[in-house]
Chemist: 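Take a look at this one; I'll ask things after.
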Amino acid sequence: IPVLDIFGKMINPRATKHVIGIAPRGSDHSNYNKQRFLTVEEFRKLVKKFLEYNYTVYAFGSPADVEHYGIPQHNNFIWMTSDFGVSHPAPRYPTSFRHLLSCINSCDELYSVDTWLKTYGALGGINTKVIMSRRSGVTIPPPIDSSDHIFMNKDYWNFDLVDFDKLIV
């Protein structure tokens with residue numbers, strides 16, 4: 001699907017050589033049996049790792065995600081929602097869903113739990129790494145439930161399944 005042609009690609013807004021996108025949680029973030037979200041501590045570790053490489057780091061989510069995870073105090077980090085963007089020390093600024101998609105399209109790599117973003121990235125040919133679901137902090141390779149046979153099947157999609165613990169070493 002030519003999502004890059006349809007929505008465009010945002011130019012890297014920071015003076016870095018690489019753009020990383022992170023989707024730390026999906027709409028179902030209350031299920032601890034199939035944990036499809038990063039904890040606040042895990043999110044901070046992943047963001048810190050990429051900021052230490054001097055990458056631009058986008059986090060994609062909802063306004064509730066921004067509130068839950070907070071805004072890292074680093075200018076190369078940017079939260080994007082379909083309503084606003086925000087970065088330290090800049091104030092919130094209005095955006096649109098199209099703007100959000102163009103920022104996703106600008107990513108050299110996407111790191112996502114099981115969310116719509118991993119599907120979008122895979123369809124768009126963006127290098128996408130899907131963080132496998134966990135239970136009590138332990139990675140559980142799919143399939144965990146029947147939906148995983150379709151939506152977490154790397155043979156059908158253009159993404160890699162990754163263990164969170166191996167990402168932060």
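Throughout, numbering of the chain's residues begins at 1 and tracks the sequence.
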Chemist: Any sub-3.5 Å donor-acceptor pair from Arg14's side-chain atoms to Asn75's backbone N or O?
Modeler: yes

Chemist: Sequence neighbours excluded, which residues qualify as side chain to side chain donor-acceptor pair (under 3.5 Å) partners of Thr16?
Modeler: Asn12, Thr56

Chemist: Return the set of residues passing side chain to side chain contact (heavy atoms under 4.5 Å, CB included) with Ser106 (not counting sequence neighbours), or none when no residue passes.
Modeler: Lys9, Met10, Val19, Tyr58

Chemist: Sequence neighbours left out, cut at 3.5 Å: what donor-acceptor pairs do the side chains of residues 43-53 make with other protein atoms?
Modeler:
residue	atom	partner	partner atom	Å
Lys45	NZ	Glu41	OE2	3.3
Lys49	NZ	Leu167	O	2.2

Chemist: In Å, rounded to the nearest 0.5 Å, how long is the span from CE of Met80 to SG of Cys103?
Modeler: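 Result: 4.0 Å between the selected atoms.
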
Chemist: Considering residues at least two apart in sequence or located in another chain, which fulfil the side chain to side chain donor-acceptor pair (under 3.5 Å) criterion with Thr128?
Modeler: none

Chemist: From Ile22 CD1 over to Phe77 CZ, what is the distance, rounded to the nearest 0.5 angstrom?
Modeler: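 With rounding to 0.5 Å, CD1 (Ile22) is 7.0 Å from CZ (Phe77).
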
Chemist: With Asp160, which residues qualify under salt bridge (Lys or Arg N to Asp or Glu O under 4.0 Å), at least two apart?
Modeler: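 In terms of salt bridge (Lys or Arg N to Asp or Glu O under 4.0 Å), with neighbours along the sequence ignored, Asp160 is linked to Lys129.
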
Chemist: Quick one: list whatever passes salt bridge (Lys or Arg N to Asp or Glu O under 4.0 Å) with Glu109, sequence neighbours left out.
Modeler: none

Chemist: I'd like to know whether CZ of Phe151 has more than 12 heavy-atom contacts from other residues, nucleotides or ligands below 6.0 angstrom.
Modeler: no

Chemist: On a heavy-atom basis, which atom in Thr39 and which in Tyr69 lie closest, and how many Å separate them?
Modeler: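 The answer is O-CE2, 3.7 Å.
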
Chemist: If I take atom CD1 from residue Ile131 and atom CG from residue Asp114, how far apart are they, to the nearest 0.5 angstrom?
Modeler: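 The CG atom of Asp114 is 11.0 Å from CD1 of Ile131, to the nearest 0.5 Å.
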
Chemist: Can you tell me how far CZ of Phe37 sits from CD of Glu42, rounded to the nearest 0.5 angstrom?
Modeler: 8.0 Å

Chemist: Sort and list the pairs that fulfil salt bridge (charged side-chain N to carboxylate O under 4.0 Å, His left out) and have at least one residue in residues 69-94, not counting sequence neighbours.
Modeler: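 Of all non-adjacent pairs touching residues 69-94, none passes salt bridge (charged side-chain N to carboxylate O under 4.0 Å, His left out).
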
Chemist: Any non-hydrogen side-chain atom of Tyr120 less than 4.5 Å from a side-chain atom of Val3?
Modeler: yes

Chemist: Which heavy atom of Ala59 sits nearest to which heavy atom of Trp79, and what is that distance?
Modeler: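 Scanning both residues completely, I find the closest heavy atoms to be O-CE3, 3.3 Å.
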
Chemist: NE2 of His88 to CD1 of Ile78: how many Å apart, nearest 0.5 Å?
Modeler: 13.0 Å

Chemist: What do the steps show when you test Tyr111 against Val130 for side chain to side chain contact (heavy atoms under 4.5 Å, CB included), and what is the final call?
Modeler: CA-CA 6 Å; Tyr111 292 82; Val130 180; over 6 Å; no

Chemist: Ser112: what forms a side chain to side chain contact (heavy atoms under 4.5 Å, CB included) with it, not counting sequence neighbours?
Modeler: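 Expected list: Ala23, Thr115, Leu117, Lys118.
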
Chemist: Quick one, His68 with Val40, criterion side chain to side chain contact (heavy atoms under 4.5 Å, CB included). Give me CA distance, side-chain angles, the key distance, then yes/no.
Modeler: CA-CA 8 Å; His68 177 74; Val40 172; 3.5 Å; yes

Chemist: The test is side-chain hydrogen bond (donor to acceptor under 3.5 Å, both in side chains); show your working for Asn153 and Asp148 and say whether it passes.
Modeler: CA-CA 6 Å; Asn153 190 329; Asp148 286 350; over 6 Å; no

Chemist: Does the side chain of Val113 reach to within under 4.5 Å of the side chain of Ser133, using non-hydrogen atoms?
Modeler: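 Val113 vs Ser133: side chains apart.
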
Chemist: Measure the shortest side-chain to side-chain distance between Cys107 and Phe60 over non-hydrogen atoms and say whether it is less than 4.5 angstrom.
Modeler: yes

Chemist: Using the rule given for side chain to side chain contact (heavy atoms under 4.5 Å, CB included), can you reason through Ile126 versus Ile104, listing the C-alpha separation, both sets of side-chain angles and the distance that settles it, and then say yes or no?
Modeler: CA-CA 9 Å; Ile126 300 168; Ile104 294 167; 4.1 Å; yes

Chemist: Take Asn54 and Asn76, measure what side chain to side chain contact (heavy atoms under 4.5 Å, CB included) needs, and give me the verdict at the end.
Modeler: CA-CA 8 Å; Asn54 196 34; Asn76 286 347; 3.2 Å; yes

Chemist: Check Trp157 against Ile150 and note the closest heavy-atom contact, atom names and distance.
Modeler: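 Taking Trp157 first and Ile150 second, the nearest heavy atoms are NE1-O, 2.8 Å.
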
Chemist: For His18, enumerate each residue passing the side chain to side chain donor-acceptor pair (under 3.5 Å) test, keeping only those at least two apart in sequence or located in another chain.
Modeler: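 Counting only residues at least two positions away or on another chain, His18 forms a side chain to side chain donor-acceptor pair (under 3.5 Å) with Asp108.
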
Chemist: Report the distance from atom CE of Met152 to atom OG of Ser147, rounding to the nearest 0.5 Å.
Modeler: 9.0 Å

Chemist: What residues form a side chain to side chain donor-acceptor pair (under 3.5 Å) with Asp65, not counting sequence neighbours?
Modeler: Arg25, Ser62

Chemist: Looking at Ala90, is its backbone amide N or carbonyl O close enough to the side chain of Ser87 to form a donor-acceptor pair, meaning the two atoms are under 3.5 Å apart?
Modeler: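 No, Ser87 side chain to Ala90 backbone: no donor-acceptor pair under 3.5 Å.
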
Chemist: For Tyr93 and Val86, work out which heavy atoms get closest and say how close.
Modeler: CE2-N, 3.9 Å

Chemist: Return the set of residues passing side chain to side chain contact (heavy atoms under 4.5 Å, CB included) with Asp165 (not counting sequence neighbours), or none when no residue passes.
Modeler: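 Partners of Asp165 under the side chain to side chain contact (heavy atoms under 4.5 Å, CB included) test: Asp163.
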
